[in-house]
Undergrad: 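Submitted below is the structure of interest, expressed as structure tokens.
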Amino acid sequence: MQHDVLIIGAGLAGMRAAYEANAQGANVALITKVYPVRSHSNAAQGGINAALTDRGDAWEDHAFETVKGSDYLGDQDSITILSQDAGPEIIALENMGVIFSRNEDGRLGTRRFGGQKKARTFFVSDFTGQAILHVLFEQILKTNIPTYNEWFVTSLVVKDGQCYGVVAMEMETGNVQFIQAKSVIIAAGGLGRVYEPSTNALICTGDGMGLAYQAGAPLMDMEMVQYHPTTLKANGLLISEAVRGEGGHLYNSKGERFMEKYAPNMLELASRDVVSRSEQTEINEGRGINGCVYLDCRHLGEKFIKERLSQVWEEAHTFSNVDMTKEPLPIRPGMHYQMGGVKTDNDGRCWDISGAGWGGIKGLFAAGEAACVSVHGGNRLGANSLLDTVVYGKRSGQAASAFARETSLQDIPSSIISKDEDMIKSLLSRKDNKDSVAAIRLEMGTTMNDHLAVFRDQKGMETALAKIRSLRERWKEVPIRSKGRIFNTTLINAMELGFMLDCAETIIVGALFRKESRGAHVRLDFRDRDDENWLKHTLIYKQPGAAPTVDTLAVRMTQWEPKPRVY
Ligand SMILES: Cc1cc2nc3c(=O)[nH]c(=O)nc-3n(C[C@H](O)[C@H](O)[C@H](O)COP(=O)(O)OP(=O)(O)OC[C@H]3O[C@@H](n4cnc5c(N)ncnc54)[C@H](O)[C@@H]3O)c2cc1C
């Protein structure tokens, strides 16, 4: 079990990185806790952005709208790379076999997404993520890249500030193994389930961020948590932005199209933070409908809805008993995406070669939702995340294979696994105290949703921090009643919960630290954006046995000066 490049996660970011590292001649492997095509990337519906010049679009416009969407917190050189590489990346995916939906004239079709003036979102009906994920998986199979399927990574192996592989548990047997690598890429996805409810799959538990944080790498801008404007009340399921992109409207209980008031130009297609805040304001001020507002697309017609939004129609019908061709759908803002993550540079490196002084771990890389490059800053534009996974997945695959070429494997004793082995044994040997992993997880999720949602304030966040810290104490004693080692899902859930509590704490610590409102982070006690003092990233470091420490890092600006953000 020795590789040049080992990639944790086989979603879009991980597979794109693997494909690239393999093309560079590296011996690469993927390790994933679920079968690759079950990764959350599979759930992406709406699409992937790119400004193609032959459509009269320009990367500068895409970049500017991303910068503005980020509320000027995104690093502008990174955003430039994202928007410049987008076109070639879409064409590369098309050439691999992604059957993008077409226009009437037979060319690749686009739809309009929030925060953007042009229709530059490429899509495959409303299952874009699934289509791309399956095509990339075909490439992985075709090139014989080995995958450790249903293996759970429990820790990174770090010696003298450098990462040399991972310790992981094979779920089928419960055996703990050391897998050695010269470069390790964290592509382990988001942390959605730190909140309850969330649009994210149950497996989105922030393991990658937790692994890096535990090993000593900084997490950046963790307070920036995106609430998506359209989720189902009953279970938090996502209703894609594609519905508004294709022309859906939002109404309050008085039948007013309330976005006219908040974003007179872009209306429902203002950026997500703006729309979510507007909806929540309507609900809080008594113009909601049972804690929701209405999403109406009846005027688009049955044929159009069933053709372009078939999955959405089915979701609304199955889970809300609403036929979107005949009735408006009640929706509300819900937790969707983490803009922050493991701090990286533009090549996915999690260590500082620039001299800016943020530290990090050599040989460690990150990409996709687990990483913070940062291209999304305070608020991500719809359809920029799939783009981020492939553009920065590819770059990290390149850089990781180059790093591996200059690195030799270290002599690491196999006893390195004993810490994780002991941890698992101690988890399994705890006395029953009537508590459960599920109970702690639910309390954590509702606490975060109560106090770190669309609107925040000091008191609420302090309450949440105290609660999360008390939940951590309970987690240290939580019993696992099923004692077997073979596919013990409660055991896995308990380890995931440890990562989630780390993520929750860093979100709150970052949010308490940032004393302004920017992007998705809106504090009722600091209503305004404060560029003078807060046009900077937050970095959070773990301190063994003590509270985490927070530092800041300048935002890299190129050509776009901060302006008031109006839509
Ligand atoms: C419902 C939904 C719809 C979305 N729609 C869009 C959209 O239309 N457009 C857009 O741009 N973005 C969209 N997003 C966001 C986007 O899909 C995600 O941000 C992106 O797909 C994340 O990809 P990833 O490769 O980083 O991670 P994922 O696809 O989540 O993959 C994570 C991988 O890490 C592995 N892993 C995690 N922890 C461990 C561990 N401890 N050990 C081993 N393996 C581990 C998992 O097994 C998995 O393979 C959507 C998100 C959701 C939830």
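Residues: numbered from 1 along the sequence shown.
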Undergrad: Between Ser41 and Leu12 (side chain of the first, backbone of the second, donor and acceptor by atom type, cut-off under 3.5 Å), is there such a pair?
TA: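 At least one qualifying donor-acceptor pair exists.
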Undergrad: Is the shortest distance from a Lys or Arg side-chain nitrogen in Arg518 or Asp531 to a carboxylate oxygen in the other one below 4.0 Å?
TA: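 Judged by the 4.0 Å cut-off on N to carboxylate O distance, Arg518 and Asp531 do form a salt bridge.
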Undergrad: Listed by chain and number, what are the salt bridge (charged side-chain N to carboxylate O under 4.0 Å, His left out) partners of Asp551, not counting sequence neighbours?
TA: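 By the salt bridge (charged side-chain N to carboxylate O under 4.0 Å, His left out) rule, Asp551 matches no residue at all.
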Undergrad: Within this structure, what is the OH-CE distance for the pair Tyr567 and Met259, rounded to the nearest 0.5 Å?
TA: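 Spacing of OH (Tyr567) from CE (Met259) equals 10.5 Å.
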Undergrad: Is Phe152 atom CZ crowded by more than 12 heavy atoms from other residues, nucleotides or ligands, each under 6.0 Å away?
TA: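 Counting neighbours around CZ of Phe152, more than 12 heavy atoms of other residues, nucleotides or ligands fall under 6.0 Å, so yes.
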Undergrad: Looking at every heavy atom in both Val342 and Cys350, which two are closest together, and how far apart are they?
TA: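 Result for this residue pair: CG1-SG, 3.7 Å.
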Undergrad: Are any of the side-chain heavy atoms of His336 and Thr231 separated by less than 4.5 Å?
TA: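 Sidechains of Thr231 and His336: no contact.
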Undergrad: Any chance you could measure Leu269, atom CG, to Gln116, atom CD, to the nearest 0.5 Å?
TA: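 These two atoms lie 9.5 Å from each other.
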Undergrad: For the residue pair Ser401 and Ala26, what are the closest heavy atoms and their distance?
TA: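 Heavy atoms only, the tightest pair is CB-CB, 3.7 Å.
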Undergrad: Would you call Lys563 and Glu561 a salt bridge, using N to O less than 4.0 angstrom?
TA: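 No salt bridge links Lys563 with Glu561.
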Undergrad: Taking Lys419 for the side chain and Ile416 for the main chain, is one N or O donor matched with an acceptor at less than 3.5 Å?
TA: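 Pair absent, no side-chain N/O of Lys419 close to backbone of Ile416.
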Undergrad: Please report the C-alpha distance between Val158 and Tyr164 in whole Å, then the side-chain angles of each, then the deciding distance to 0.1 Å, and finally whether the side chain to side chain contact (heavy atoms under 4.5 Å, CB included) criterion is met.
TA: CA-CA 6 Å; Val158 177; Tyr164 291 103; over 6 Å; no
Undergrad: In terms of side-chain heavy atoms, does Glu282 have a donor or acceptor partner in Tyr262 at a distance below 3.5 Å?
TA: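 There is such a pair (donor and acceptor under 3.5 Å, judged by atom type) between the side chains of Glu282 and Tyr262.
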Undergrad: Please round to the nearest 0.5 Å and tell me the distance separating atom CH2 of Trp59 and atom CD1 of Ile81.
TA: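 Answer rounded to 0.5 Å: 10.5 Å.
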Undergrad: Would you call Lys33-Asp207 a salt bridge at under 4.0 Å N-O?
TA: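 Salt bridge: yes.
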Undergrad: State which residue, out of Glu443, Glu462, His451, fulfils the side chain to side chain donor-acceptor pair (under 3.5 Å) condition with Lys467.
TA: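 Single side chain to side chain donor-acceptor pair (under 3.5 Å) partner of Lys467 among Glu443, Glu462, His451: Glu443.
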Undergrad: Between Tyr337 and Arg272, is any pair of side-chain heavy atoms under 4.5 Å apart?
TA: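 Sidechains of Arg272 and Tyr337: no contact.
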Undergrad: Going through the distances and angles, do Ser78 and Asn346 end up as a side chain to side chain donor-acceptor pair (under 3.5 Å)?
TA: CA-CA 6 Å; Ser78 316; Asn346 286 340; 2.7 Å; yes
Undergrad: Looking only at side-chain N and O atoms, does Thr66 offer a donor or acceptor that is under 3.5 Å from a partner on Asn384?
TA: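 Yes, Thr66 and Asn384 have a side-chain donor paired with an acceptor closer than 3.5 Å.
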Undergrad: Between Trp358 and Tyr541, is the ring centre distance below 6.0 Å?
TA: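 They do not qualify: ring centres at least 6.0 Å apart.
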Undergrad: Could you check if a side-chain atom of Met220 sits within less than 4.5 angstrom of a side-chain atom of Leu539, using non-hydrogen atoms only?
TA: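 They are in side-chain contact.
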Undergrad: Do you know which two heavy atoms are closest between Gly368 and Ala13, and how far apart they sit?
TA: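 Looking at all heavy atoms of both residues, the shortest contact is CA-CB, 3.6 Å.
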Undergrad: Which heavy atom in Gly114 sits nearest to a heavy atom in Glu241, and how many Å separate them?
TA: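 Residues Gly114 and Glu241, closest heavy atoms: N-OE2, 2.5 Å.
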Undergrad: I need the Leu465 CG to Thr463 OG1 distance, nearest 0.5 Å.
TA: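 Those atoms lie 9.5 Å apart.
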Undergrad: Sub-3.5 Å donor-acceptor pair from the side chain of Arg244 to the main-chain atoms of Glu268, do we have one?
TA: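 At least one qualifying donor-acceptor pair exists.
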Undergrad: Regarding Asp273 and Gln226, do their side chains bring together a donor and an acceptor under 3.5 Å, going by distance alone?
TA: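 Distance-only check fails for Asp273 and Gln226.
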Undergrad: Where do Ile540 and Pro548 come nearest, in terms of heavy atoms and distance?
TA: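 Between these two residues, the closest heavy atoms are CG2-CB, 3.8 Å.
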Undergrad: With a 4.0 Å cut-off on N to O distance, would you call Asp347 and Arg349 a salt bridge?
TA: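 Answer for the salt bridge query: yes.
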Undergrad: With a 3.5 Å distance limit and no angle check, can you tell me whether Ser183 reaches the backbone of Gly363 through a side-chain donor-acceptor pair?
TA: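 No; judged by distance alone, with no hydrogens or angles, the pair does not exist.
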Undergrad: Hey, what do you get for CD (Glu516) to CZ (Arg527), rounding to the nearest 0.5 Å?
TA: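 Reported to 0.5 Å precision, the distance equals 13.5 Å.
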Undergrad: Does the structure place the NZ or CZ of Lys117 under 6.0 Å from the centre of the six-membered ring of Phe64, at an angle of no more than 45° from the ring's axis?
TA: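 No, a cation-pi geometry is absent between Lys117 and Phe64.
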Undergrad: Hey, is the main chain of Val5 close enough, under 3.5 Å, to the side chain of His3 for a donor-acceptor pair?
TA: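 Not a single qualifying donor-acceptor pair exists.
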Undergrad: Does a side-chain heavy-atom distance below 4.5 Å link Val225 with Arg456?
TA: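 When only atoms from C-beta onward are counted, Arg456 and Val225 do touch, with a gap below 4.5 Å.
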Undergrad: Any salt bridge between Glu496 and Arg441, counting N to O under 4.0 Å?
TA: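 Judged by the 4.0 Å cut-off on N to carboxylate O distance, Glu496 and Arg441 do form a salt bridge.
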Undergrad: When you measure from the side chain of Gln458 to the backbone N and O of Asp525, does any donor-acceptor pair fall under 3.5 Å?
TA: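 Checked: no pair found.
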Undergrad: Quick test of your reading of the model: are Lys362 and Asp160 salt-bridged, counting only N-O distances below 4.0 Å?
TA: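 Answer for the salt bridge query: no.
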Undergrad: Atom NZ of residue position Lys515 - does it have more than 12 heavy atoms of other residues, nucleotides or ligands inside 6.0 Å?
TA: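 It does: Lys515 NZ has more than 12 such atoms within range.
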Undergrad: Tell me whether Ser517 contacts the main-chain N or O of Phe526 through its side chain, where contact means a donor paired with an acceptor under 3.5 Å.
TA: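 Looks like yes, one N/O pair under 3.5 Å.
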Undergrad: Is the backbone of Lys394 close enough, under 3.5 Å, to the side chain of Glu20 for a donor and an acceptor to pair up by distance?
TA: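 No, the answer is negative, given that no donor and acceptor are paired below the 3.5 Å cut-off.
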Undergrad: Within the 4.5 Å heavy-atom criterion, are Met448 and Ile508 side-chain neighbours or not?
TA: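 Side-chain contact under 4.5 Å: yes.
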Undergrad: Hey, could you give me the OH/CZ distance between Tyr392 and Arg395, rounded to the nearest 0.5 Å?
TA: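 Going from OH on Tyr392 over to CZ on Arg395, the span is 5.5 Å.
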Undergrad: Just wondering, do Ile468 and Met500 contact through their side chains at under 4.5 Å, heavy atoms?
TA: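 Side chain of Met500 against side chain of Ile468, heavy atoms only: no contact under 4.5 Å found.
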Undergrad: So does Arg405 pair up with Asp4, basic N to acidic O under 4.0 Å?
TA: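 So Arg405 does not pair with Asp4 through a salt bridge.
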Undergrad: Given Tyr227, which partner from the list Asn379, Asn449, Thr199 fulfils the side chain to side chain donor-acceptor pair (under 3.5 Å) test?
TA: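 Going through Asn379, Asn449, Thr199 one by one, the side chain to side chain donor-acceptor pair (under 3.5 Å) with Tyr227 is satisfied by Asn449 alone.
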Undergrad: Looking at Glu65 and Lys68, is there a salt bridge between them, counting it only when a charged N and a carboxylate O are closer than 4.0 Å?
TA: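 So Lys68 does not pair with Glu65 through a salt bridge.
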Undergrad: Heavy-atom distance under 4.5 Å between the side chains of Val555 and His537, does that happen here?
TA: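 With C-beta onward as the side chain, the pair touches.
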Undergrad: Kindly check if the number of other-residue, nucleotide or ligand heavy atoms within 6.0 Å of CD (Gln559) is above 12?
TA: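 Buried by this count: over 12 neighbours within 6.0 Å.
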Undergrad: If we only count heavy atoms from C-beta on, is the Thr154 to Met495 side-chain gap below 4.5 Å?
TA: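 Counting from C-beta outward, Thr154 and Met495 do come under 4.5 Å.
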Undergrad: So, does Arg193 use its side chain to make a donor-acceptor pair with the main chain of Asn200 at under 3.5 Å?
TA: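 At least one qualifying donor-acceptor pair exists.
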Undergrad: Please say which of Gln162, Gln180, Lys159 ends up in a side chain to side chain donor-acceptor pair (under 3.5 Å) with Gln410.
TA: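 Going through Gln162, Gln180, Lys159 one by one, the side chain to side chain donor-acceptor pair (under 3.5 Å) with Gln410 is satisfied by Lys159 alone.
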Undergrad: Does the side chain to side chain contact (heavy atoms under 4.5 Å, CB included) test come out yes or no for Phe455 and Arg277, once each step is laid out?
TA: CA-CA 8 Å; Phe455 295 112; Arg277 229 161 15 244; 3.4 Å; yes
Undergrad: Checking the side chain of Thr110 only, and the main-chain atoms of Ala119 only, is there a donor and an acceptor separated by less than 3.5 Å?
TA: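 Indeed, once roles are kept as given, a pair shorter than 3.5 Å links the two residues.
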Undergrad: Among residues at least two apart in sequence or on other chains, which ones pass ring-ring contact (aromatic ring centres under 6.0 Å, His included) with His521?
TA: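 Expected list: none.
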Undergrad: Give a yes or no on whether a salt bridge exists between Arg523 and Glu223, defined as a side-chain N under 4.0 angstrom from a carboxylate O.
TA: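 A salt bridge is absent here (no side-chain N lies under 4.0 Å from a carboxylate O).
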Undergrad: Holding to side chain to side chain donor-acceptor pair (under 3.5 Å), I want the full list of residues that pass it with Glu505, two or more places apart in sequence or in another chain.
TA: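 Counting only residues at least two positions away or on another chain, Glu505 forms a side chain to side chain donor-acceptor pair (under 3.5 Å) with Arg469.
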Undergrad: Please name the pair of heavy atoms, one in Cys372 and one in Ser374, separated by the smallest distance, quoted to 0.1 Å.
TA: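 Result for this residue pair: SG-CB, 3.5 Å.
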